[in-house]
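Notes to accompany the following structure.
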Amino acid sequence: MSDNQEVLADKEWEEDTPRQVMLAVARVDPWSVMKVSFLLSVAAAIAGLVATLVVWFMLDAMQVFSDVERFLVSIGAESFTSLLDYARLPQVMSMATLVGVVNIVVLTALATLGALVYNVITALVGGIRVTLMDE
């Protein structure tokens, strides 16, 4: 093998091997974290509302609410049947919506605060080191 062929073989081998680069995440933009966390929180709230609706319809189809009411009447606790008004679909969906809105606000605020705290900590210690590979 000639010197020219060896150099070409070495270059081809170097081109085939992935390059590794070590980087550090030194700063996270709080505004972008807030936008992304808000959208993810909205998606989670919508998923929670749909899940609540599905579970309520399943329980209603299995006649759980009417069985509970009949059981309360059979043991002489008719005064507790008024509590089943909170298990009606409009009330359940209202509570699920309220929980979803609170979760959106809290998760968005916590994620943004976490980004701000991360930026302060990275100023002290230099951030998280990540090794990236180019394949």
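Here the structure is a predicted model, which is why all the values come from computation and not from measurement.
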Looking at Thr122 and Arg27, would you say the former's side chain and the latter's main chain have a donor-acceptor pair under 3.5 Å?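 No; judged by distance alone, with no hydrogens or angles, the pair does not exist.
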Taking Thr108 for the side chain and Val105 for the main chain, is one N or O donor matched with an acceptor at less than 3.5 Å?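 No, because the side chain of Thr108 does not come within donor-acceptor range (under 3.5 Å) of the backbone of Val105.
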Would you check if [X] and [Y] make a side-chain contact, meaning some heavy-atom pair closer than 4.5 Å?
X      : Y      : result
Asp29  : Asn119 : no
Lys35  : Leu39  : no
Val25  : Val130 : yes
Asp134 : Val21  : no

Flag yes if [X] and [Y] sit in one hydrophobic cluster, no otherwise; membership is Ile, Leu, Val, Met, Phe, Trp, Tyr, and two members link when side-chain heavy atoms are under 4.5 Å apart.
X      : Y      : result
Leu116 : Val28  : no
Val33  : Leu113 : no
Val99  : Leu89  : no
Val64  : Met93  : yes
Val54  : Met62  : no

For [X] and [Y], work out which heavy atoms get closest and say how close.
X      : Y     : value
Thr112 : Met34 : OG1-CB, 3.2 Å
Ser37  : Ser41 : O-OG, 2.7 Å
Ala115 : Pro30 : CB-CA, 4.1 Å

Determine whether more than 12 heavy atoms belonging to other residues, nucleotides or ligands lie under 6.0 Å from atom CZ of Phe65.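 Enclosed: over 12 neighbouring heavy atoms sit under 6.0 Å from CZ of Phe65.
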Using a cut-off of 6.0 Å, state whether more than 12 heavy atoms not belonging to Tyr118 lie near its atom OH.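 Enclosed.
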Can Leu132 and Leu23 be said to form a side chain to side chain contact (heavy atoms under 4.5 Å, CB included), step by step? CA-CA 7 Å; Leu132 300 176; Leu23 300 173; 3.4 Å; yes
How many angstroms lie between atom CD1 of Ile104 and atom CD1 of Ile46, to the nearest 0.5 angstrom?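 These two atoms lie 7.5 Å from each other.
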To the nearest 0.5 Å, what is the distance between CG (Leu98) and CG (Asn103)?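 Answer for the CG-CG pair, Leu98 versus Asn103, is 10.0 Å.
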Leu49/Leu53 under side chain to side chain contact (heavy atoms under 4.5 Å, CB included): CA gap, chis, key distance, verdict: CA-CA 6 Å; Leu49 285 173; Leu53 188 65; over 6 Å; no
